[in-house]
Each structure stands twice: as C-alpha cells, then as structure tokens.
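Some notes on the structure that comes next.
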Amino acid sequence: MTIKIAMIGVGLIGGSLSLCFKGKPGVTVMGYAHLEELKDKYIASGVVDAATLSLEEAVQDADFIFLCVPVGLLESYFEQLSRLPLKKGCIITDVGSTKASIAACAEQIRLKEAYFIGGHPMAGSERAGVDAASAVLFENAYYVLTPSVHVPEEAYGRLSELLAYTRAQIVRVEPLLHDDIVGAISHLPHVIAVALVNQVREYNESNPLYKMLAAGGFRDITRIASSDAIVWRDILLSNRDVLLELLKDWNSQMSSFTTMLEQKNGEGIEDAFRQAREFRSVLPERRKGMISPLFDLYTDVQDAPGMIGKIATELGTNDINLSNLEIIENRVDVPGIMRLSFRQEEDMERAKTLLASLGYQVWI
Ligand SMILES: NC(=O)c1ccc[n+]([C@@H]2O[C@H](COP(=O)([O-])OP(=O)(O)OC[C@H]3O[C@@H](n4cnc5c(N)ncnc54)[C@H](O)[C@@H]3O)[C@@H](O)[C@H]2O)c1
Ligand SMILES: O=C(O)C(=O)C[C@]1(C(=O)O)C=C[C@@H](O)C=C1
C-alpha cells in the first residue's frame, strides 16, 4: 500500500512530522512551499521526498494533508483546499495551537469527499523553521485531535494510525475546551515570559548589569520568550477571548503577591510557594527519544567537566549500566544538578549506594 502525505508548511512542526513519516513503508512526503528558496531548502534539508510550489500538485492524490502554517493562514488554506480536487477519503488535518477557529471554519466549509480532523501536537520549541525540525520532537508527548461529529471513526482511526509514527499519545478533546486549557498552560505562559523579558530589557537600558547577572531562574522562566513572533501573534489573536479572561486571573494572582508583600505576610508567601511546588511536582514528565521509562538519580555537581568523567568511571568499574547523563543547571562557577538515568531500577539503587558511599549527595 502507498500513502502520500502533503505537508503544507515545512517548518519546525511540519518538518518534524515529515521526519517521522518519511522513509516509512510505502510513505512519500510531498512538501508545499510558498517561496522558491523554501522549496530548495526543504529538499536540501532532506526532510521531504519532494517539494513543489504548486498547492494543487502537492495535494493531488494525497491520502493525508497536514496544514502546518501559522494559525492566521489556516482558514485561507482550508478554503483553497475545499476548491481543489482531492482524493476520495483524504484526511485534512492541521497542527495549529488553537482549535476553535479552524473547527468553526471546517463547519462552515463542508468538504465533499474529504474529512477534516483538527490536531495539535503538545510539543514544540522556541525555535522555528525547517532547520529546527526533529524526528523525536513528539515522542511521549500528547497529540490532541478534535474530530467533529461528522468525522467517521474509520477516518479518525486512519489518522491515529499514521500518527503512531510520531510516538505521541493521542488524546481527543473538544475544540473550545482545548483552547481554554491550552490558553492557560501554553499561551498565557508565553505572554508572561515575553512581558518579563521586556520589563528586564527596559531596566537593562539604564544598567547592563541586569543582563550580565541574569542567571538560571531568569533563563528557565523565559526560554519561550524567544519563540517566533509571527507564529505567536497568530496564536494570541486567535485565542484572544480566552486570553483576556486568563489575564484577569493573572492580574489577581499578581495583586495577591502585592498584598502579601505590603502586609509582610510571610506565611502567605510560604503557602504560595508550597502549593506551587506540590502541583508542579506531580506534572507528568516527558522525555524525547525515550521508549521506556527511566529511573533517575540526582546529584550536585561542583565542577561539571571533571565530575562527569569521575562518576561515569566509578559506575563503569562497578558494572552499573548508565543510560543517560545530563547536567540540568549548568552555570559557570555555580553548582548544578546532574541527572543520571538508568534503565533498571536495580542499577539506580546500586548507583545511589555507591555514590553516597563516595561522599556524593544523592537523591531520587
Ligand atoms: N512552535 C511550537 O512550539 C508549536 C507547537 C505545536 C504547534 N504549533 C503550531 O504549528 C504551526 C506551525 O508553527 P511552527 O512552529 O512549525 O512555525 P515555523 O515558522 O517553524 O513553520 C511555519 C511554516 O509555514 C511556512 N509558511 C509561512 N507562511 C506561509 C504561507 N503564506 N504559505 C505557506 N507556508 C507558509 C513557513 O515557511 C514555515 O515553513 C502553527 O500553527 C503553530 O501554532 C507550534
Ligand atoms: O516548548 C516550547 O517551547 C513550546 O512552546 C511548546 C508549546 C508549549 O507551550 O508547551 C508551544 C506551543 C504549542 O502549541 C505546544 C507546545
């Protein structure tokens, strides 16, 4: 059996999906580019089997069409597709970070012989473009699908089956509920990160020490402030109503901190930190490129380069199989944390005992 996949927009997400599908038995991935230089780039980067500047050629005989363009372009592409000859039973899906507007559009423009199933992989990065694409981006992530009642289970099943190549976990959610939840856990955090960076950027104009001293905490909370401006402009405008409500709640969270500080309410501040830590500690952890779960052990690192070799050697000479090693906070002259991952729980336990006996502070 042959499967043709048309990828409309081969950037971070479209490129990563292409890498998941390309080379699988019977699958060909055709990228659509709106600019000549992008077409050449898509081919040169090797993420697609072929690329074209013609939308019609890209989708001709396609079994699946993925719309991977910024959210503000989704409706226009959907409308163009509805006027093109599509293969009977073809599935059109998108990867947009909002789902209500494209779902409403698909309700209005009924496709004749194709089906639309909204999609949103809950994985990404602050980087953009095909150069940032990765075959393991979606591994162990959730992948939201928002089929309408008009979509037959058979079509939903076909898309889910194809998406198994991403190694993501499919979850079915209503479009409006999706936008409420993703507004809170993704869109609002991006707004907060950008506002925080811009606040500090303004202070830095009068004193460059701000930038110089900005360390782990600032970097951790602001990574996503480097995200693509066009992609995020479209997401925020598309989820505007939800964000306006969320920002009201955010302002009241900030007011409560203002009040606690004004009243020197140390207990209130402690409670806020404790509650946040408790909730954060139960967030599901997801790792790219992992098939089975790992058993993790943590230790402080004073001098990372020397320590890495020393610890790896100690484990090796004691026949303890280390699967992965990562420095979580790597700041010059400041102790960081090393995460040691093991496939077997027994290896982790033995490493814990060994490193503790050698004087390392270790914890699980
Ligand atoms: N960035 C993330 O973390 C993330 C995660 C999940 C979903 N998404 C969604 O994925 C979609 C794509 O985002 P991305 O992060 O891959 O961005 P990107 O900038 O990396 O990719 C966008 C692609 O669309 C192409 N494009 C731009 N204008 C176009 C046009 N007029 N016609 C055709 N193609 C055009 C670009 O050339 C690029 O290849 C967005 O809808 C976004 O909401 C993003
Ligand atoms: O990890 C990141 O950089 C992301 O921004 C990924 C992220 C998110 O906010 O979690 C961003 C947008 C999405 O639509 C899905 C995932």
Side-chain angles (χ1 to χ4, degrees), residues 6-19 31-43 45 47-48 51-55 58-59 65-81 93-102 105 118-134 137-138 140-146 163 166 168 171 173 178-179 181-194 219-239 243 246 283-284 286-288:
M7 206 55 74
I8 315 300
V10 190
L12 167 72
I13 301 298
S16 299
L17 283 169
S18 300
L19 286 172
Y32 163 76
H34 68 301
L35 300 170
E36 180 81 44
E37 65 263 30
L38 284 176
K39 184 186 125 197
D40 298 340
K41 194 171 181 184
Y42 293 170
I43 294 169
S45 60
V47 297
V48 290
T52 173
L53 288 166
S54 154
L55 186 65
V59 302
I65 301 171
F66 281 80
L67 294 174
C68 302
V69 292
V71 165
L73 297 172
L74 287 175
E75 293 178 29
S76 140
Y77 272 105
F78 188 85
E79 199 259 329
Q80 290 180 62
L81 290 180
T93 184
D94 75 311
V95 297
S97 303
T98 60
K99 295 276 57 81
S101 56
I102 187 67
C105 168
H120 181 201
M122 290 307 304
S125 126
E126 72 281 13
R127 297 182 61 207
V130 70
D131 295 334
S134 155
L137 183 65
F138 311 112
N140 299 329
Y142 285 103
Y143 197 121
V144 175
L145 291 181
T146 61
L163 290 175
T166 64
V171 51
V173 185
H178 166 279
D179 287 6
I181 294 173
V182 175
I185 55 94
S186 173
H187 307 166
L188 178 65
H190 278 76
V191 172
I192 294 166
V194 167
R219 285 197 165 272
D220 282 355
I221 191 179
T222 59
R223 175 184 61 82
I224 55 177
S226 300
S227 297
D228 187 77
I230 303 295
V231 168
W232 282 92
R233 174 202 65 192
D234 284 7
I235 294 171
L236 300 190
L237 290 176
S238 170
N239 209 15
L243 272 163
L246 288 168
L283 292 182
R286 173 185 96 79
R287 302 253 206 82
K288 285 176 238 176

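Whatever order the structure lists ligands and atoms in, that order sets their numbers, starting from 1. Keep in mind that the numbers below use all heavy atoms, side chains included, and drop hydrogens, waters and symmetry copies. In what follows, residues are counted from 1 in the order of the sequence shown.
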Give the numbers and elements of all ligand 2 atoms closer than 4.0 Å to a heavy atom of W232. 11 (C), 12 (C)

Counting C-beta onward and ignoring hydrogens, is there a side-chain heavy-atom pair between D179 and H187 closer than 4.5 Å? no

Nearest non-hydrogen contact with atom 9 (C) of ligand 1 belongs to which option: I8, L55, V95? V95

May I ask you to identify, for Y42, whether its side chain, its backbone, both or neither come under 4.0 Å of ligand 1 on a heavy-atom basis? side chain

May I ask you to list the atoms of ligand 1 that are less than 4.0 angstrom from any heavy atom of G96? 41 (O)

Is there side-chain contact between M122 and I185, with heavy atoms separated by less than 4.5 Å? yes

Of all the heavy-atom pairs spanning H178 and V173, show the shortest one and how long it is. N-CG1, 3.8 Å

Nearest protein heavy-atom contact for atom 32 (N) of ligand 1: which residue, which atom, what distance? Y77 OH, 2.5 Å

For G129, the atoms of ligand 1 under 4.0 Å from one of its heavy atoms are 18 (P), 20 (O)

For ligand 1, which atoms sit closer than 4.0 Å to a heavy atom of V71? 41 (O), 43 (O)

Looking at A128, which atoms of ligand 1 are within less than 4.0 Å of one of its heavy atoms? 19 (O), 20 (O)

Determine whether T146 and H120 satisfy the following criterion, side chain to side chain contact (heavy atoms under 4.5 Å, CB included), listing intermediate values before the conclusion. CA-CA 9 Å; T146 61; H120 181 201; over 6 Å; no

Atom 11 (C) of ligand 1 has as its nearest protein heavy atom V69 O, 3.5 Å

Would you mind checking which non-hydrogen protein atom is closest to atom 5 (C) of ligand 1, with the distance to 0.1 Å? A123 O, 3.2 Å

Contact summary for R127 and L12, nearest pair of heavy atoms: O-CD2, 3.4 Å

Report, in ascending order of atom number, the atoms of ligand 1 lying under 4.0 Å from any heavy atom of P121. 6 (C)

Check contact between A33 and ligand 1, using heavy atoms of the residue and a distance below 4.0 angstrom. no

Does any N or O of ligand 1 fall below 3.5 Å from an N or O anywhere on S97, backbone included? yes

Side chains of P189 and I224 in contact at under 4.5 Å (non-hydrogen atoms): yes

For atom 1 (O) of ligand 2, the closest protein heavy atom turns out to be R223 NH2, 3.0 Å

For atom 5 (O) of ligand 2, which of E126, H190, H120 has the closest heavy atom? H190

Minimum-distance protein heavy atom relative to atom 31 (N) of ligand 1: L73 CD1, 3.4 Å

Taking atom 44 (C) of ligand 1 as the reference point, the nearest protein heavy atom with its distance: I13 CG1, 3.6 Å

Heavy-atom proximity to atom 10 (O) of ligand 2, picking from S226, S227, S186, P189, points to S186

If you scan protein heavy atoms around atom 13 (O) of ligand 1, the nearest is V231 CG2, 4.0 Å

Answer yes or no: does an N/O atom from I235 fall short of 3.5 Å to an N/O atom of ligand 1? no

Could you please spell out the steps behind the side chain to side chain contact (heavy atoms under 4.5 Å, CB included) verdict for I8 and V59? CA-CA 9 Å; I8 315 300; V59 302; 4.2 Å; yes

Can you tell me which residue and heavy atom of the protein come closest to atom 12 (C) of ligand 1, and the distance to 0.1 Å? C68 O, 3.4 Å

Tell me which part of A132 gets within contact of ligand 1: side chain, backbone, both or neither, using heavy atoms under 4.0 Å. neither

Excluding sequence neighbours, so at least two apart, what forms ring-ring contact (aromatic ring centres under 6.0 Å, His included) with Y143? none

With only distance considered, is L38 within less than 3.5 Å of ligand 1 through an N or O on each side? no

Run the numbers for me: atoms of ligand 1, each under 4.0 Å from some heavy atom of G124, listed by number. 2 (C), 3 (O)

Side-chain heavy-atom pair F138, I13 within 4.5 angstrom cut-off: yes

Around L237, counting heavy atoms of other residues, nucleotides and ligands shown, do more than 12 lie under 6.0 Å from its CG? yes

Among non-hydrogen protein atoms, atom 27 (C) of ligand 1 lies closest to H34 CE1, 3.7 Å

Can you find an N/O atom of R127 closer than 3.5 Å to an N/O atom of ligand 1? no

Select one of side chain, backbone, both or neither to describe which atoms of H120 lie under 4.0 Å from any atom of ligand 1, heavy atoms only. side chain

Do L67 and L81 touch side chain to side chain, with heavy atoms closer than 4.5 Å? yes

Worked verdict on K41 versus V10 for side chain to side chain contact (heavy atoms under 4.5 Å, CB included): CA-CA 10 Å; K41 194 171 181 184; V10 190; over 6 Å; no

Closest candidate by heavy atom, reference atom 1 (N) of ligand 1, pool I230, V10, D234, L12: L12

Quick check on contacts: which atoms of ligand 2 are under 4.0 angstrom from a heavy atom of I224? 3 (O), 5 (O)

Do V182 and T98 have side-chain heavy atoms sitting under 4.5 Å apart? no

Under a 4.5 Å cut-off applied to non-hydrogen side-chain atoms, are S238 and D234 in contact? no

Could you walk me through whether H34 and L55 pass side chain to side chain contact (heavy atoms under 4.5 Å, CB included), step by step? CA-CA 9 Å; H34 68 301; L55 186 65; over 6 Å; no

Once you measure the plane-to-plane angle for H190 and W232, does it fall in the parallel (<30°), tilted (30-60°) or perpendicular (>60°) bin? parallel

By ring-ring contact (aromatic ring centres under 6.0 Å, His included), which residues pair with Y42, not counting sequence neighbours? none

